[in-house]
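Being a predicted model, the structure only gives us computed values, none of them experimental. We number each residue from 1, following the sequence as shown.
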Amino acid sequence: FISPYIKNPKKFGEIFGLENTLKSIATSKTPVGQNIFYIDLKDQKATISLFAEEFGKKMIEIEQVSFDKIPTAKFRIKSLVTNHLLKEGDHTLVYCDRPHECKQIATEISEGKEKTTLSDELVEAIDFIKSHVHEEYYLAEHLKSGVGYHYGRMPQFVRFVVRELFDNKEISNLCCTSTLLEGVNLPAKNIVLYKPKSGQLKSMDKFSIKNLAGRAGRLGKDYYGNIYCVNIQDWESG
């Protein structure tokens, strides 16, 4: 049995009658290589550093990118990182604290992208959503820019369509709430985190943050995953 963050692995032995033969071995290794990047937004520039565990957990500065202005709103900070500091077209999950933030960030990212030629699958999905939800449903417009959002209160059939589009790389950016922690299998090349919370008020604990980070990288599809932690000095300890 291989599974992440099992609190009581002995339970497997009880279920399958292997109490006397089952051994539990804990490891911090992941099946896919992961890079942890820290992004410090300050004084009209972004400083990007790599957390190099193999070099004694050192921070290695990679580059600095200048901006005319660094936003202060949380959703705009995540949007800036996604649109301007990540590789265009990379498969990216942006963690959002609540549904409203999903929509805000999706709108910001969409406005920063040019409309491209849509695949048949994407056209079909957009038409389906307009027909079954609303002709002017925001999500349908965002999908035209390769951006989607996903949260628990959305209609189940819409969540399924969005997951399929993201999994098939028909859209490259997905803004998602803690549905990521509730059994939804949505791994990606990149994950963007900034002051993550469980809901609107409670800071996310370290266990849940590691669970989120574990979604970076797809076994059999990516050689490595990237975790981007923004202004980590501002995060509240969980």
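Within 6.0 Å of CG in Asn8 there are more than 12 heavy atoms belonging to other residues, nucleotides or ligands. Summarising the local packing, CZ of Phe160 is surrounded by 12 or fewer heavy atoms from other residues, nucleotides or ligands at distances under 6.0 Å. At most 12 non-hydrogen atoms from other residues, nucleotides or ligands lie less than 6.0 angstrom from CD of Glu124. Within 6.0 Å of NE2 in His84 there are more than 12 heavy atoms belonging to other residues, nucleotides or ligands. In the displayed structure, Gln233 atom CD is contacted under 6.0 Å by more than 12 heavy atoms of other residues, nucleotides or ligands.
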Legend entry - Steps toward side chain to side chain contact (heavy atoms under 4.5 Å, CB included) verdict (Phe157, Val133): CA-CA 10 Å; Phe157 70 88; Val133 182; 3.9 Å; yes
Legend entry - Working for side chain to side chain contact (heavy atoms under 4.5 Å, CB included), residues Ile227 and Asn35: CA-CA 6 Å; Ile227 303 145; Asn35 301 314; over 6 Å; no
Inset, instruction - Test ring-ring contact (aromatic ring centres under 6.0 Å, His included) on His91 and Phe166 and set out the steps. - result: CA-CA 8 Å; His91 217 216; Phe166 189 69; 3.8 Å; yes
Legend entry - Pair Glu141-Lys130, salt bridge (charged side-chain N to carboxylate O under 4.0 Å, His left out): steps then yes or no: CA-CA 10 Å; Glu141 288 302 310; Lys130 285 186 174 183; 3.8 Å; yes
Legend entry - Residues Tyr149, Tyr138; criterion side chain to side chain contact (heavy atoms under 4.5 Å, CB included); working and verdict: CA-CA 10 Å; Tyr149 53 78; Tyr138 293 132; 4.0 Å; yes
Inset, instruction - Would you check, one step at a time, whether the test side chain to side chain contact (heavy atoms under 4.5 Å, CB included) holds for Tyr194 with Ile39? - result: CA-CA 10 Å; Tyr194 174 51; Ile39 298 177; over 6 Å; no
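The shortest side-chain heavy-atom distance between His150 and Leu174 falls under the 4.5 Å cut-off. Looking at Phe75 and Ile77, their side chains never come closer than 4.5 Å, going by heavy atoms from C-beta outward. Met59 is not listed as a side-chain neighbour of Leu50, based on a closest heavy-atom distance of 4.5 Å or more. Thr92 is listed as a side-chain neighbour of Val94, based on a closest heavy-atom distance under 4.5 Å. With a 4.5 Å cut-off on side-chain heavy atoms, Phe51 and Phe37 do not count as touching. Here the side chains of Val192 and Tyr95 are not in contact, with every heavy-atom distance at 4.5 Å or above. Using a 4.5 Å heavy-atom threshold, the side chains of Val65 and Lys45 count as separate.
Across all their heavy atoms, Val147 and Ser110 have their closest contact at CB-OG, 3.6 Å. Nearest heavy-atom pair, Cys175 versus Cys96, reported as atom, atom and distance to 0.1 Å: CB-SG, 3.7 Å. Closest of all the heavy-atom pairs between Leu122 and Glu170 is CD2-O, 3.8 Å. The nearest pair of heavy atoms linking Cys176 to Leu93 is CB-CD2, 4.4 Å. Considering all non-hydrogen atoms of both residues, Ala46 and Leu41 come closest at CB-CD2, 3.4 Å. For the residue pair Cys102 and Thr177, the shortest heavy atom distance occurs at SG-CG2, 3.4 Å.
The side-chain tip of Lys189 points at the ring of Tyr224 from less than 6.0 angstrom away and within 45° of straight on.
Ser49 and Glu61 share no side-chain donor-acceptor pair at under 3.5 Å. With no hydrogens or angles considered, no side-chain donor-acceptor pair links Glu111 and Asn83 at under 3.5 Å. At a cut-off of 3.5 Å, with distance as the only test, a side-chain donor of Glu121 or Asn168 sits close to an acceptor on the other residue. Judged purely by distance below 3.5 Å, without hydrogens or angles, the side chains of Thr47 and Asp40 never pair a donor atom with an acceptor atom.
Of the candidates Lys78, Lys74, Lys197, Lys78 is the only one forming a side chain to side chain donor-acceptor pair (under 3.5 Å) with Glu101.
Summarising the geometry, atom NE2 belonging to His142 is positioned 10.0 Å from atom CD belonging to Glu108; distances are rounded to the nearest 0.5 Å. Interatomic distance, Asn231 CG to Leu193 CG, rounded to the nearest 0.5 Å: 12.5 Å.
The backbone N or O of Ser203 lies less than 3.5 Å from no partner atom in the side chain of Trp235, so there is not a single donor-acceptor pair. Although no hydrogens or angles enter the test, the distance criterion places no donor-acceptor pair under 3.5 Å between the side chain of Arg76 and the main chain of Pro71.
Checked for salt-bridge contact, Glu19 and Lys10 miss the test: no charged N lies under 4.0 Å from a carboxylate O.
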